[in-house]
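Here's the structure we're looking at; comments come further down.
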Amino acid sequence: MPLPNTSLRYVLVYVFETPAGPYLVDAGWDNDEAYDVLSAGLVTVGSRIEDVRGVLVTHVHPDHYGLAHRVREASGAWVSLHPADAAVIPQFEGSEPSPAFYGMLRRAGAPTSAIDEQRTALRMLASREIPRPDLLIEDGEEPDVPGWALTSIWTPGHTPGHLCFWEPRYRLLLSGDHVLPRITPNVPPPADDDGDTLGDFLESLGRLAERDAAEVLPAHEHRFTDLGGRLAQLVGHHERRFAEVLTALAEGCEVAWDVAERMSWSRPWQQMDLLARRAAVGEAFAHLRALARRGLVIEKSGETVRWSPADGVGSRE
C-alpha cells in the first residue's frame, strides 16, 4: 500500500481468507490512491472491499489506521485497536496540533525557532475528527477471525497500544512496526514523568522471544525468518544508542535536543527535515528516561528537563 511523502514508501496490509469473508491486518493511508490499491489487491484474491468483515489494526498511526474507516463504510466491517491507542486518538484531532506534540520539544530544550517551525509543520497534519474503533482488543485476546487461531500480543513502545498477532498453527507472527527486518521503529518520548517508553519497548521484545516463529510478517519492508536473531539485533542497537547518550552527557550535553544532535541516525542531523528531527529528539528523550530508570542518569524536571550522568558513570564504548 503506497505511502505519501515518506522514505518507507509503502505499508504491508495482510488479508486472512475465511468462510465469512476477508479480514485485514492494518488498512493503509487514507487517500484515494491507497484505497484503489487495496481494492485491486483484494480482487486478485477473489474478493472485494465490500466483503471485508473485520480490520485488525496493529496501532493508531495513520499508515495503519487511516483507511480503516473507509473500509468500514464500504463493507460494514468492524475495526479494532488496543484501548491504549484508542485513548490517544484525541491528540491527533483538531485544527491545531495537541500541545503534547510540540510541548515535548520545549521539555527537550529545543530552540524557540525550532518549536515554532514544528508547530507550523504539525498543523498541516492535524485532523478535524478521527473515527473511533468498534472493538477494543486487550493483550491475549483471540479476535473472531473464523478458521484462524490469532492471539493478540500487547507490545507497547512504538505506540502505547501497539499489538502483534500470533498464529500458532502456522507459526506466523504479524509484527506490525514493533519488529521490522532492517530498520528500527521510532520510540517516542514518555507522555509523563512516570513513563518509560523505551523500557516498555525492550520488555515487549522479550515477550516475543517466547514465540517459535517460522516467519515474521512485518508492516514495512519484507517478510523474514530468524525472529530471535532480529530481536537480539534490536536490543544491541539500543545498547549502542545508550552508550552514545552517556558519551554526550559526559561531554557536557544537558538537554535532549543537544544529545540527539550527537547521536547516530540514518542520515546526518544537518540533513533531517523538521519532523525527522522531532522524532530523533523524542527518541533521545526516551533513551535518557530509560537510563534514568536504570540509575545511570539523573533527571532534573522543569519546563526544560536537564540530564547528567549519575555519580561514577562516565562515557562508555
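Computed from a predicted structure; not experimentally measured.
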### Results of ring-ring contact (aromatic ring centres under 6.0 Å, His included) for Phe285 - residues two or more places apart only
Trp307
### Glu299 side chain vs Ala292 backbone, donor-acceptor pair below 3.5 Å
no
### Query
Which residue pairs pass the side chain to side chain donor-acceptor pair (under 3.5 Å) test with at least one member in residues 155-165, sequence neighbours excluded?
His61-His158, Asp85-Thr159, Thr155-His162, His158-Asp177
### Task
Quick one: which residue pairs count as a side chain to side chain donor-acceptor pair (under 3.5 Å) with a foot in residues 133-144, not counting sequence neighbours?
Arg72-Asp134, Asp139-Arg207
Donor-acceptor pairs are to be reported for all side-chain atoms of residues 33-46 against protein atoms at under 3.5 Å, with residues two or more places apart or in another chain.
unit_1	atom_1	unit_2	atom_2	d
Ser39	OG	Tyr35	O	2.9
Thr44	OG1	Gly41	O	2.5

### Task
Apply salt bridge (Lys or Arg N to Asp or Glu O under 4.0 Å) to Asp51 and list each qualifying residue two or more places apart in sequence or on a separate chain.
Arg48
### Arg211 side-chain N/O to Leu172 backbone N/O, donor-acceptor pair under 3.5 Å
no
### Query
Residues two or more places apart in sequence or in another chain: which of them pass salt bridge (Lys or Arg N to Asp or Glu O under 4.0 Å) with Glu50?
none
### Task
Can you sort out the partners of Arg70 under salt bridge (Lys or Arg N to Asp or Glu O under 4.0 Å), two or more places apart, ordered by chain and number?
Asp30, Asp32
### Query
His220: what forms a ring-ring contact (aromatic ring centres under 6.0 Å, His included) with it, not counting sequence neighbours?
His64
Could you list the donor-acceptor pairs under 3.5 angstrom formed between side-chain atoms of residues 194-203 and any protein atom two or more places apart in sequence or on another chain?
unit_1	atom_1	unit_2	atom_2	d
Asp196	OD1	Gly199	N	2.9
Thr197	OG1	Pro188	O	2.5

### Message
Between Asn186 and Ala280 (side chain of the first, backbone of the second, donor and acceptor by atom type, cut-off under 3.5 Å), is there such a pair?
### Response
no
### Task
Please name all residues satisfying ring-ring contact (aromatic ring centres under 6.0 Å, His included) with Tyr14, sequence neighbours left out, ordered by chain then number.
none
### Query
To the nearest 0.5 Å, what is the distance between CG (Asp212) and CG (Leu173)?
11.5 Å
### Task
State which residues pass ring-ring contact (aromatic ring centres under 6.0 Å, His included) with Trp148; sequence neighbours excluded, sorted by chain then number.
Phe16, Tyr170
### Message
Suppose we screen for salt bridge (Lys or Arg N to Asp or Glu O under 4.0 Å). Which residues come up paired with Arg293, at least two apart in sequence or across chains?
### Response
none
## Note on the structure
In this structure, CZ of Arg306 is separated from NZ of Lys300 (nearest 0.5 Å) by 8.5 Å
